[in-house]
Amino acid sequence: MCGIVGFVNTNYSIDEKTEQLEEMMARIVHRGPDNTGQFVDEGVALGFRRLSIIDLKGGNQPIFNENDSKAIIFNGEIYNYQELQQDLQEKGHVFKTSADTEVILHGYEEYGTQIVKKLRGMFTFAIWDREKQELFGARDHFGIKPLYYYHKNNTFMFGSEIKSFLDHPAFEKQVNPGALKPYMTFQYPATDETFFKDVYRVPEGHYFYIRNGEVTFTQYWDPEYTEENMTENEAVDLIDQAVQETTNAHLVSDVEVGTFLSSGVDSSLVTTLAQPKYTFSIGFGKHTYNESSEAKKLTDILKLNNYSRVIESEEAFNAFPDIQYHLDEPSSNASCVPLYFLAKLASEHVKVVLSGEGADELFAGYTEYGFSSNSKMVRVFAQGLKKLSKKSRYRLASRLEHTGNFHGKLHLYQSVAPAEDFFIGQAKVFDERESDDYLQPKYQKSESVHDIVEKQYQKVPDLPELKKMQYLDMHQWMPKDILLKADKMTMASSLEARTPLLDIRLMEVAEKIPTKYLLNSKNTKYAFRKAAHRHLPDEWANRKKLGFPVPIKDWLHEEQFYKQVREVFSANFAAEFFDQEKILDLLDRNYQQDIDARRRIWTLYSFLVWYKVYFVDERQRNVQAS
């Protein structure tokens with residue numbers, strides 16, 4: 001695990017490139033404090049920060065092939081590297097290390113671009129061909145590891161974090177005005193272009209080439225959902241076997257591996273199967289749900305060690321600018337806060353943790369997929385309606401949409417309506433029209449919410465509605481929110497987080513599970529929970545999804561933190577983006593408990609804190625330095 005940076009440019013001297021590269025690497029030292037490496041020639045500069053996990057002595061990068069014609073830098077873990085290494089050695093390739101990095105390099109020599117389809121793991125990498133003067137790179141299937149690029153001013157720049165671009169002379173730092181309005185709805189950076197103008201993410205499941213200054217992207221993987229005929233027991237068996245196998249595969253390491261442990265089924269199952277020496281949990285102060293106490297109950301049953309701590313409110317607020325800095329882009333997903341502190345705690349004991357991301361997307365764990373009623377009778381009736389033909393379901397949905405409110409209406413509507421008509425993902429904060437009421441005119445122009453999600457829905461028009469929603473989340477919510485915060489918050493503390501429940505082999509199982517075993521009238525994540533029952537007490541296997549409970553509502557009703565937020569809302573720079581009178585009125589009404597606007601306030605606050613960190617404070621530092 002590490003951080004990678006680099007750029008392709010022929011205008012700078014080797015000495016200039018070296019100096020620029022070192023500045024880029026210094027920005028992401030937290031991703032790899034154990035070692036550093038670089039390669040610079042006339043056409044390219046490659047930089048690497050290492051967190052040593054596998055082949056502790058011999059895995060430093062860049063790594064070269066046998067004749068030094070190709071060099072690779074790599075961020076991630078390849079869980080099937082040993083079998084790939086054996087295959088490549090049998091084909092005549094000579095390895096200098098026992099690191100998984102070198103498998104990718106020789107695999108590229110042997111298989112070309114097809115090597116990405118053979119890799120099992122989380123990865124971003126770049127390979128420079130000195131003879132052809134071209135760069136080949138890729139990002140893993142799901143986007144577990146981040147990779148950004150900037151192509152402007154005769155320079156193609158890439159890195160694990162956007163902040164590595166800031167000091168490069170070819171980089172022009174500007175806010176992307178089209179990113180703010182969609183963010184206010186989605187709570188995360190939802191557009192392909194990031195919050196930094198002209199900076200983009202390498203899409204998940206894609207590889208790319210840069211040749212003669214031109215960049216091309218190719219998609220090498222996408223979910224292919226099917227509906228295989230199987231019994232409930234067969235579905236549960238498949239999931240159980242796959243989860244056990246993938247958890248075991250993710251334990252491969254030359255250092256100690258711990259687990260994050262909340263009260264939920266996902267991390268509890270991973271912990272139970274992994275049986276780690278260390279488990280880590282976090283909670284907030286009094287009067288809030290404390291996940292660490294629930295986690296301790298499970299570790300007592302399993303006879304495992306649990307390390308936990310309580311976050312105090314003032315501590316959380318003081319850390320928030322640092323959290324937004326490490327995220328690179330604004331995110332108002334409140335779980336960033338406890339995750340940041342959880343990673344800090346774990347990093348005091350281990351370098352690697354297993355976490356529970358992925359199971360909700362693969363096995364339908366969200367109530368938003370169609371489990372919004374607590375009434376069993378409503379859920380059973382809705383399950384029956386799903387058996388109607390598509391035409392009949394859509395006609396019924398249209399009628400329901402225009403009827404008055406009644407108990408269970410939302411659940412029934414979502415059970416029969418086209419996913420495209422109501423589902424935009426796992427978060428919706430501001431309605432688009434409401435956003436316009438708060439935004440300055442310059443920031444009201446953006447890609448619409450409809451257009452953002454429609455790009456994904458157009459690819460899967462014939463899938464069952466549930467799997468359409470899963471597909472959308474796989475390309476929006478997961479890589480741009482869930483996985484992004486998991487990577488950035490853990491790497492902020494030089495900690496590697498692995499996701500055994502988000503694995504290409506497990507995905508191959510999830511793709512073929514019938515929808516009736518994913519979500520039905522009995523539960524979300526139905527078959528997955530059945531599999532978990534075989535290893536966990538009922539209380540844990542059946543527990544509803546909570547996420548990280550964060551007491552934002554309480555914070556915004558405390559005078560100390562209300563004033564802190566109000567100071568940011570009142571700052572001169574806030575007027576660049578928002579109608580200050582309106583955002584202050586929203587904050588005041590919430591403080592007086594006339595309305596509950598916590599999520600909207602937190603979304604605005606998160607953006608403004610991010611902007612202050614990257615554009616106000618950074619500008620002041622540059623002035624002082626000069």
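- Atom NZ of residue K117 and atom OH of residue Y220 lie 10.0 Å apart, to the nearest 0.5 angstrom.
- The main-chain N or O of H206 is never found under 3.5 Å from a side-chain atom of R139 such that the two would form a donor-acceptor pair.
- Cation-pi geometry between K173 and F196 is not met at under 6.0 angstrom from the ring centre and within 45 degrees of the axis.
- Here the two rings, on F195 and W610, have centers that are under 6.0 Å apart.
- Between F123 and F74, the ring center distance fails the sub-6.0 Å criterion.
- In this structure, E315 places its CD atom where more than 12 heavy-atom neighbours from other residues, nucleotides or ligands lie under 6.0 Å away.
- Distance check: E42 CD to K17 NZ gives 7.0 Å after rounding to the nearest 0.5 Å.
- Within the 3.5 Å criterion, the main-chain N or O of A274 finds no donor-acceptor partner in the side chain of T247.
- Note that CD1 of I72 and CD1 of I104 are 4.5 Å apart. Values are rounded to the nearest 0.5 Å.
- Screening K163, M157, E161 against M24 for a side chain to side chain contact (heavy atoms under 4.5 Å, CB included) leaves a single residue, M157.
- In this structure, Y148 has its ring center no closer than 6.0 Å to that of F165.
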Exercise for the section: Go through the steps for N67 and S69 under the test side chain to side chain donor-acceptor pair (under 3.5 Å), then give the verdict. Expected result: CA-CA 5 Å; N67 64 2; S69 65; 2.7 Å; yes
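- In this structure the side chain of V257 never reaches within 4.5 angstrom of the side chain of V350, judged on heavy atoms.
- Using the six-membered ring where Trp is involved, Y278 and Y307 have ring planes that are tilted, between 30° and 60° apart.
- Looking only at side-chain heavy atoms (C-beta outward), D198 and E172 stay at 4.5 Å or farther from each other.
- S335 and K485 form a side-chain donor-acceptor contact under 3.5 Å, judged by distance and modelled atom types alone.
- Ring planes of F607 and Y183: tilted class, angle from 30 to 60°.
- Looking at heavy atoms from C-beta onward, V565 lies in side-chain contact with F317 at the 4.5 angstrom threshold.
- A distance-only check finds a donor-acceptor pair linking the side chain of S253 to the backbone of V255 [under 3.5 Å].
- With no hydrogens or angles considered, a side-chain donor-acceptor pair links T97 and E102 at under 3.5 Å.
- Counting heavy atoms from C-beta on, the side chains of L501 and D503 never come closer than 4.5 Å.
- Side-chain contact between F171 and V199 is present, with heavy atoms from C-beta onward closer than 4.5 Å.
- Using a 3.5 Å distance cut-off with no hydrogens or angles, the side chains of Q187 and D481 do pair a donor with an acceptor.
- N333 and S331 share no donor-acceptor pair across their side chains, judged by distance under 3.5 Å alone.
- From D87, atom CG reaches atom NZ of K91 across 3.5 Å, with rounding to the nearest 0.5 Å.
- Distance alone, capped at 3.5 Å, is enough to place a donor-acceptor pair between the Q219 side chain and the W221 backbone.
- Ring centroids of F280 and F260 are separated by 6.0 Å or more, keeping the two rings apart.
- Taking the six-membered ring for Trp and the full ring otherwise, F7 and H151 have centroids separated by 6.0 Å or more.
- Counted by atom type alone, T191 and E193 present zero donor-acceptor pairs between their side chains at under 3.5 Å.
- F125 is listed as a side-chain neighbour of L119, based on a closest heavy-atom distance under 4.5 Å.
- Remark: the backbone N or O of F578 is paired with a side-chain donor or acceptor of Q440 at under 3.5 angstrom.
- Remark: side-chain polar atoms of N212 are not paired, donor with acceptor, to backbone N or O of E214 under 3.5 angstrom.
- Aromatic ring orientation, H250 versus Y79: tilted (interplanar angle from 30° to 60°).
- Heavy atoms from other residues, nucleotides or ligands lying under 6.0 Å from CG of N572 number 12 at most.
- Here the side chains of F39 and D41 are in contact, with some heavy-atom distance below 4.5 Å.
- The aromatic rings of Y443 and F577 lie tilted to each other, with the angle between the two planes from 30° to 60°.
- Ring pair F158/Y150: centre-to-centre distance not below 6.0 Å.
- Inspection of the H168 and E23 side chains reveals no N or O donor paired with an N or O acceptor under 3.5 Å.
- Taking the six-membered ring for Trp and thresholds of 30 and 60 degrees, Y207 and Y209 have ring planes more than 60 degrees apart, a perpendicular arrangement.
- Looking only at distances, no side-chain donor or acceptor of K145 sits under 3.5 Å from a matching main-chain atom of N75.
- Side-chain atoms of N80 never come within 3.5 Å of backbone atoms of E83 as a donor-acceptor pair (strictly under, hydrogens ignored).
- For Q89, the CD atom counts as densely surrounded, since its 6.0 Å shell holds more than 12 non-hydrogen atoms of other residues, nucleotides or ligands.
- Judged by distance alone, with hydrogens and angles left aside, the side-chain atoms of S446 form no donor-acceptor pair with the main-chain N or O of K181 at under 3.5 Å.
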Exercise for the section: Evaluate ring pair (Phe, Tyr, Trp, His ring centres under 6.0 Å) for Y611 paired with F573, printing each intermediate quantity in order. Expected result: CA-CA 9 Å; Y611 180 81; F573 64 82; 5.8 Å; yes
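- Ion pair D487/R31 flagged as a salt bridge, since at least one NZ, NE, NH1 or NH2 atom sits closer than 4.0 Å to an Asp/Glu carboxylate oxygen.
- Residues Q38 and M25 have side chains in contact (heavy-atom distance under 4.5 Å, counting atoms from C-beta outward).
- Under the 30°/60° scheme for interplanar angles, the aromatic rings of F320 and Y605 are found to lie parallel.
- Interatomic distance, CG of L84 versus OH of Y111, reported as 8.0 Å (0.5 Å rounding).
- Of the N and O atoms on the side chains of E204 and H141, not one donor lies less than 3.5 Å from an acceptor on the other residue.
- Counting only N and O atoms by type, the side chains of S448 and D451 include a donor and acceptor under 3.5 Å apart.
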Practice task
Starting from the C-alpha separation in whole Å, work towards a yes-or-no answer on side chain to side chain donor-acceptor pair (under 3.5 Å) for Q456 and K459.
Solution key: CA-CA 6 Å; Q456 304 303 335; K459 300 174 188 176; 3.3 Å; yes
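- In this structure a side-chain-to-backbone donor-acceptor pair under 3.5 Å is missing from K480 to P189.
- Less than 6.0 angstrom separates the ring centroid of F156 from the ring centroid of F208.
- A ring-centre distance under 6.0 Å is found for Y200 and Y149.
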Handout entry: CA sep, side-chain torsions, deciding dist, call: N65, H93, side chain to side chain donor-acceptor pair (under 3.5 Å)
Key = CA-CA 9 Å; N65 63 343; H93 293 269; over 6 Å; no
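- Within a 6.0 Å radius of CD in E224, no more than 12 heavy atoms belonging to other residues, nucleotides or ligands are found.
- Dense packing is recorded around NZ of K455, with more than 12 heavy atoms of other residues, nucleotides or ligands lying under 6.0 Å away.
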Practice task
Apply side chain to side chain donor-acceptor pair (under 3.5 Å) to the pair S606 and S332, showing each step before the final yes or no.
Solution key: CA-CA 6 Å; S606 299; S332 66; 5.0 Å; no
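- Surrounding NZ of K152 are more than 12 heavy atoms belonging to other residues, nucleotides or ligands, all under 6.0 Å away.
- Between the CD1 atom of I127 and the CG atom of L135 there is a distance of 9.0 Å, given to the nearest 0.5 Å.
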